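What follows is a single structure, written as structure tokens, with notes after it.
Whatever order the structure lists ligands and atoms in, that order sets their numbers, starting from 1. Small disclaimer: the values here were computed from a predicted structure and weren't measured.
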Amino acid sequence: MQPALLVINSGSSSVKFAAYEAADEAPLSRIAHGRIENPASPEAAFTQLFDWLAQQTGGRALLAVGHRVVHGGAQFQQPARVTPAVLAQLETLNPLAPLHQPHNLSAIRAVARLLPELPQVACFDTEFHASQPWVAQACALPRRLTEAGIKRYGFHGLSYEYIASALPAHLGAVAEGRVVVAHLGNGASLCAMRGRRSVASTMGFSTLDGLMMGTRCGSLDPGIVLHLIQQPGISVSALEKLLYEESGLLGVSGISGDMRTLEASAAPEARQAIELYAYRLNQQLGSMAAALGGLDALVFTAGIGENSAPMRQRVGSGAAWLGLELDAEANQAAQPGACCISKTGSRVAAWVIPTDEEGMIARHTQALLRGNAPAQRVKPPVA
Ligand code: ADP
């Protein structure tokens, strides 16, 4: 029996996981997956998970664990085998992604405590954007700050990397052209690709920038931050909470940060939140098209991109000036899976392609360990 690779995507309120059969040929086949909601602690979650996995996979040996880690900073532009030194370096990046990085790293630490012999690999959401030109990464701040790492990193890289790998099968030669991918989940961003490499992204130094999101504000005049921080009684952590957790769709609607809930609501505030979301998405699509000098294809992915026909319709209609003719019927009828939603003859192609961040992490983990990590028959700890 082939050993298994486990992929862990640990967030603030849930741990997503997927197990794959470690084989030489890609794509790796997924043998189990799921989500643990609101775990009491990472240790409790993983003790339960290892136990469950052992039952599900008939006691298969576990080869390694691959983790999604949101920030690799300037140091990590490739997946890395986790060592205490690597973990210490990654910890210094916690303030840059306070909503994600600490959770990603506590998952790594918890697995190391439970199964110290098991190889762990960190895969970064920033690494796909390392190919961006200097102008896309620089901030117009004093040079010493840019040199100290205050620059635009970009995120959702594992999702974009997966989509880039899937583009040729769907778009043919157009895949190598000017493509914008819209990753629209709870977090949301756009990535401009040429030759399937990132040339620009709407997320920048942090995961706050760019598009309006579920609970994050997206691009904001920095003068507003200066104004708010000078108000009596507001602390830095309260401001951080405001921008990361109380803004976006939730803040504007006052109802929910969840697109599905807002689409089902008749409240005018819900309509306005959706309208603002689409307006800003279209604005920033224009910015990505400008970075590319035009547009050949637009791809929608993640929860909203894959499932919300009304949002795709709004964005598609707003992109008519770029040469996109959306096929309203194909868009409405789109089923789970990849499908084309632009009219035949549209100068710009539009597609829905489901993302697979976990699959991408599994591929990286397998590639990094191939040949140098013997499978270990780890005994899951008793729950
Ligand atoms: P995460 O970024 O946490 O992985 P997802 O990619 O699952 O999140 O995206 C979550 C978002 O997708 C939520 O706003 C949710 O409402 C939205 N979504 C999921 N299904 C639908 C649907 N059928 N219609 C509209 N929005 C949807």
- Note on the structure: Taken in chain and number order and not counting sequence neighbours, the residues that satisfy ring pair (Phe, Tyr, Trp, His ring centres under 6.0 Å) with Phe17 are Trp52
- Query: Mind checking what makes side-chain hydrogen bond (donor to acceptor under 3.5 Å, both in side chains) contact with Gln78, not counting sequence neighbours?
  - Reply: none
- Hey, are Gln313 and Ser317 close enough side-chain-wise for a donor-acceptor pair under 3.5 Å? yes
- Query: Who are the ring pair (Phe, Tyr, Trp, His ring centres under 6.0 Å) partners of His364, not counting sequence neighbours?
  - Reply: none
- Item | Arg178/Asp296 salt bridge by N-O under 4.0 Å criterion | yes
- First-shell residues of ligand 1 [heavy atom, distance under 4.0 Å]: Lys16, Gly185, Asn186, Gly187, Asp258, Met259, Arg260, Glu263, Ala302, Gly303, Ile304, Asn307, Ser308
- Message: Any salt bridge linking Arg143 with Glu147? Criterion: basic side-chain nitrogen under 4.0 Å from a carboxylate oxygen.
- Response: yes
